[in-house]
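What follows is one structure encoded as structure tokens, with my remarks underneath.
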Amino acid sequence: MAQRLFLERRTYRRNRLQDAARLLPILGFVLIFAPIFIRGTEAMPGAEGAPGLGDWLVYYFVVWVVLIILTALVSHALIRVSPDSAPVSDPTEDGG
Amino acid sequence: MLSFNGLVAVCVIYVMGLFGVAFLAERRAMEGKARWLNSPFTYTLSLSIYATAWTFYGAVGNAARSGLEFLTIYLGPTLVFMGWFWLLRKMVRIGRAQRITSIADMISSRYGKSGALAALVTVLAVLGTTPYIALQLQSVTLSFAVFAQPGTPGAPDAEQTAIWVAAGLALFTIVFGTRSLDLNERHPGLVSAIALEAIVKLAALLAVGVFVVWGVADGPSDMLSRIEASPVADAPWNGARWVGLTALAAAAILCLPRMFQVLVVENSDERHLVTAGWAFPAYMMLISLFVVPIAVIGLELSPPDANPDLFVLTVPLGLGQDGLALLVFLGGFSAATSMVIVAALALSTMVSNHIIMPVWLRLTRHDDPMSGDMRRVALTARRMSIVAVLFLGLLYYRLSGGADALAAIGLIAFLGVAQILPALLGGILWRGATRVGAALGIGIGFAIWAWLLLIPNVAETGGVMPAMIQAGPFGVGWLSPQTPLGLQATDPLLTAMILSLGLNTLLFILGSLFSFPSPLERLQGAQFVNVYDHSRPLYGWQGAAGTADDLLIMAQRILGAGRAGRLFQAAALVQGRTADLPEPTPDFLERLERELAGSVGAATAHAMVAQITGGASVSVRDLLAVADETAQIMEYSTQLEAKSSELVQTAARLREANAKLTELSVQKDAFLSQISHELRTPMTSIRAFSEILMQSDPLDDAARARFSRIIHDESMRLTRLLDDLLDLSVLENGHVTLHEGDVRLRDVLDRAIHAAGAQADDGPMRIVRDRAAEDVALWTDPDRLTQVFINLISNAQKYCDADQPELAIVVHAPPGRVEIEFADNGSGIPVRQQTLIFEKFARADTARGAPGAGLGLAISLEIMSRLGGGLTYVPGVQGTRFRVRLPARALRVA
């Protein structure tokens with residue numbers, strides 16, 4: 001199907017919001033898996049200044065809450081830009 | 001401390017409460033008033049069956065042993081839900097559009113309705129879920145046991161408890177899971193009860209957490225320093241396991257049969273995903289928020305040999321918080337029961353749809369899976385499956401004897417169902433995925449998983465580790481589950497995961513690349529991958545009113561307003577709703593479908609009703625059925641057309657026959673009036689003259705003789721007429737007997753001329769003959785033939801108006817027949833009367849005044865046709881000319 005090059009501003013906004021919704025899990029991946037590389041494989045309880053379990057616990061919950069809030073914001077924004085219908089699919093996404 | 005009996009009483013009251021909520025929800029849903037059912041939060045809470053007793057109790061135990069690792073079980077699903085727009089939405093849309101009833105149905109539908117694939121997935125799901133159900137039963141009995149410390153009155157029997165719990169769960173699932181075969185497979189009562197249980201378990205964990213952080217420790221900062229100081233902080237950290245378990249949990253939430261049930265099948269509104277996308281991660285975040293603090297405090301307070309899996313329960317109990325402990329107990333009970341209920345429901349749907357029903361259909365050779373009695377069979381099959389699944393779980397629990405190894409089954413089950421993931425994701429994202437690839441992938445993944453994890457675990461649980469498993473089959477070391485491929489696996493789960501999912505994906509892709517899909521499979525592939533092009537989103541379950549309105553409009557279009565109105569009224573009466581539209585209950589829908597099927601065919605009716613009640617798009621199978629039906633209808637209409645043209649022909653023939661009859665009737669009337677006229681004329685003269693003879697005495701002899709002769713002549717004429725009529729009637733009815741024999745034409749002609757009184761030389765009419773040509777031998781009835789000749793000759797005598805009348809008799813003998821022509825030299829018969837002369841009583845104008853009834857030619861014609869010949873008038877020549885024709889068989893040349 002032929003696609004128009006220039007879309008309405010509203011449609012353009014919606015498409016970018018859909019991009020954001022698809023990119024959010026990647027942000028989640030990065031934030032959740034990043035500590036693996038920082039923390040290493042061995043716990044080093046003796047090392048001075050190294051973050052302990054409690055710090056990591058706080059880190060994960062903060063990340064978790066941030067991700068939840070971001071998801072909520074993006075999702076509800078998506079609903080708002082297309083109030084009558086659920087997020088409309090754009091033709092580009094079906095390629096997978 | 002709460003007595004065991006008290007605990008049982010609380011439990012029973014709680015379960016009764018759940019039954020009550022479920023009943024209420026069902027009733028409200030029937031009335032279309034259950035707004036909360038259509039709320040995204042109910043949907044989100046129903047998703048919480050992901051958090052089973054294994055996580056409710058086990059997360060704390062896991063944290064006590066492995067630190068933060070328990071978080072992976074929740075972080076994986078969090079990532080999946082954050083990406084709802086990309087994947088979950090597509091799954092839900094496909095599920096609705098294709099009327100998917102289970103994960104096995106999803107896979108089988110995608111790959112061309114493959115029954116074998118569905119059965120494979122079902123077996124995989126049953127094997128993965130049964131130990132998991134056993135695990136739930138174990139957690140319930142363990143938590144009972146915690147309350148029943150020695151000295152507590154009414155000591156519990158763990159096995160009895162498990163049996164009672166399993167029986168209760170079976171009852172609940174059967175009552176609310178199989179009330180009827182709902183078109184949409186939705187279960188409002190069940191979902192409501194599960195949502196309530198979700199709240200209870202979250203409240204219980206939060207309450208314990210708050211108690212631990214603010215009651216035992218001195219606020220969050222104190223809690224954090226206690227965490228740093230506790231042995232939990234020294235737990236080993238394994239990055240690979242972190243990634244692996246997160247991925248595994250993410251895969252499991254997509255593939256677990258029970259999750260698929262609540263996520264896709266029970267979904268009533270696509271927009272609920274918007275809320276669930278953040279609310280379900282939030283729920284899991286809250287569930288895990290206090291896990292580490294509880295573990296830390298548990299380790300501080302409990303003796304070293306205490307089971308960390310039960311810290312959630314033992315910490316409040318140990319600190320004398322009986323009420324809190326009771327809440328925790330109910331939370332754990334809720335977690336276990338809700339999982340078992342939904343798992344049993346999902347599994348029973350799969351087992352009955354993909355294993356029992358196909359076998360039953362093959363055995364009984366039924367062909368219409370949507371007929372009424374098939375629905376009842378399906379319901380029974382499903383109920384039996386529920387009991388069987390729970391019985392299997394109970395059996396597994398009994399055999400395992402509550403071994404610790406059962407705890408490990410959680411992640412093993414995750415990996416088992418995760419084998420479906422490549423086929424599932426490939427199926428909805430890649431059109432090239434084929435059934436061969438899916439079957440190969442799932443098959444190999446299933447085999448590796450079973451060999452490396454399930455069988456060793458079952459063996460270990462059962463307390464028997466056969467040597468074959470220990471050392472590998474036939475002593476082949478690299479086949480041993482403990483050292484697969486000769487690897488000294490440090491982490492059997494991760495090793496099995498990489499091997500099974502890796503080979504699974506590889507074979508899935510290779511199989512898909514190198515095989516060729518069937519047309520149905522390719523169609524379904526396009527429908528799945530491009531689902532957004534083929535379907536509209538489902539917004540909410542419009543409740544009763546909207547659906548019933550739409551159904552009425554559709555029914556009116558098809559059945560007509562009157563019939564549809566009566567049908568709906570009757571249904572409303574049955575449901576006790578006099579002034580309203582009926583509820584679209586399954587019974588009513590089935591009836592409506594039947595009625596519609598009478599007009600548009602069963603498949604079409606089913607597709608139409610399903611579209612209105614379920615918002616489902618019309619599937620390929622529906623289309624095939626509709627096409628089939630249309631073909632039948634066309635065939636029928638062709639037959640009708642043929643019959644109709646046949647009728648038209650028959651009608652035309654009838655009209656012809658009728659016209660002929662009418663004509664005959666007219667002829668008969670004419671004949672009767674003619675004949676009565678012909679009879680009356682001589683009768684009148686006979687009567688008149690006989691009266692004269694009677695009355696006038698002084699009559700001279702001459703007059704008497706004259707009158708007598710007149711009477712005599714007229715009687716003779718009457719007799720002749722009657723003879724002729726009789727003759728004609730006999731001839732026409734075919735009752736005439738012919739006396740055929742060898743004759744010579746010349747003799748016959750001689751006789752005829754003599755009888756007609758027309759001697760060749762001395763009569764008023766000259767007769768011209770060629771006696772040589774007349775020397776022809778015939779095989780015929782000479783008397784009858786003579787009669788015809790006499791008639792023709794006397795006609796010529798009577799009607800020839802020439803001054804010198806002359807009759808020429810000419811004989812021709814062309815091959816095969818003999819023709820005798822009688823031609824006079826008169827003025828002939830006018831053209832317009834030529835067609836009439838052979839009719840009875842018809843007389844030419846020239847014959848006026850001449851005696852005769854007009855039967856002669858009619859009789860001659862009949863005779864000639866009896867003799868197999870013909871008599872025709874030859875037009876277009878001078879004078880009157882008749883041609884007598886005799887057929888070949890009558891010909892004997894001397």
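Note on naming: letters A, B, ... go to the chains in the order of the sequence lines (proteins, then strands), and numbering restarts at 1 for each one. Owing to the predicted nature of the structure, the values given are computational and were not obtained by experimental measurement.
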(request) Please state whether the side chain, the backbone, both or neither of B:Met223 comes within less than 4.5 Å of a heavy atom of chain A. (result) neither
(request) Select one option (side chain, backbone, both, neither) describing which atoms of B:Val232 are under 4.5 Å from chain A's heavy atoms. (result) both
(message) For a 4.5 angstrom cut-off between non-hydrogen side-chain atoms, does B:Val274 reach A:Leu78?
(response) no
(request) Considering only heavy atoms and a distance below 4.5 Å, find which of B:Gly67, B:Gly83, B:Ala282, B:Ser288 pairs most often with chain A. (result) B:Ser288
(message) Could you check, using the six-membered ring where one of them is a Trp, whether B:Phe81 and A:Trp64 have ring centers closer than 6.0 angstrom?
(response) no
(request) Between chain A and each of B:Gly277, B:Pro281, B:Ala240, count heavy-atom pairs under 4.5 Å; write down the option with the most. (result) B:Pro281
(message) To the closest 0.5 Å, what do you measure between CG (A:Leu53) and CD1 (B:Ile227)?
(response) 6.5 Å
(message) For B:Val243, which atoms come within 4.5 Å of any heavy atom of chain A: side chain, backbone, both, or neither?
(response) both
(message) Test your reading of the model: is there a side-chain donor-acceptor pair from A:Trp56 to the backbone of B:Leu68, 3.5 Å cut-off?
(response) no
(message) Taking atom CG as the centre, does B:Asp218 end up with more than 12 heavy-atom neighbours from other residues, nucleotides or ligands that are less than 6.0 angstrom away?
(response) no
(request) Given side-chain hydrogen bond (donor to acceptor under 3.5 Å, both in side chains), test A:Ser75 with B:Trp278 step by step and report yes or no. (result) CA-CA 8 Å; A:Ser75 302; B:Trp278 62 266; over 6 Å; no
(message) Evaluate B:Thr246 against A:Phe29 for side chain to side chain contact (heavy atoms under 4.5 Å, CB included), listing each step before the verdict.
(response) CA-CA 10 Å; B:Thr246 307; A:Phe29 270 113; over 6 Å; no
(message) Measuring from atom CZ of B:Phe85 to atom CG of A:Asp19, what distance do you get when rounded to the nearest 0.5 angstrom?
(response) 9.0 Å
(message) To check you understand the geometry: which heavy-atom pair defines the closest contact between B:Trp86 and A:Arg22, and what is its length?
(response) CD1-CD, 3.7 Å
(message) Could you measure the distance from the CG atom of A:Leu31 to the CG atom of B:Leu79? Nearest 0.5 Å is fine.
(response) 9.5 Å
(request) Hey, could you give me the CD1/OG1 distance between A:Ile32 and B:Thr72, rounded to the nearest 0.5 Å? (result) 10.0 Å
(message) If I compare all heavy atoms of A:Phe61 with all of B:Leu71, which pair ends up nearest, and what's the gap?
(response) CZ-CD2, 4.2 Å
(request) Measure B:Leu273 against the heavy atoms of chain A and call it side chain, backbone, both or neither at under 4.5 Å. (result) neither
(message) Testing the basics here: between B:Met82 and A:Leu24, what is the closest heavy-atom pair and its distance to 0.1 Å?
(response) CE-O, 3.4 Å
(message) If you count heavy-atom pairs within less than 4.5 Å of chain A, which of B:Leu224, B:Leu289, B:Val292, B:Val80 leads?
(response) B:Leu289
(message) Heavy-atom pairs under 4.5 Å with chain B: which of A:Leu67, A:Leu73, A:Val74 has the most?
(response) A:Leu67
(request) Please report the shortest heavy-atom distance between A:Ile68 and B:Met285, naming the atom on each side. (result) CD1-CB, 4.0 Å
(message) Does any backbone or side-chain atom of B:Phe280 lie under 4.5 Å from a heavy atom of chain A? Answer side chain, backbone, both or neither.
(response) neither
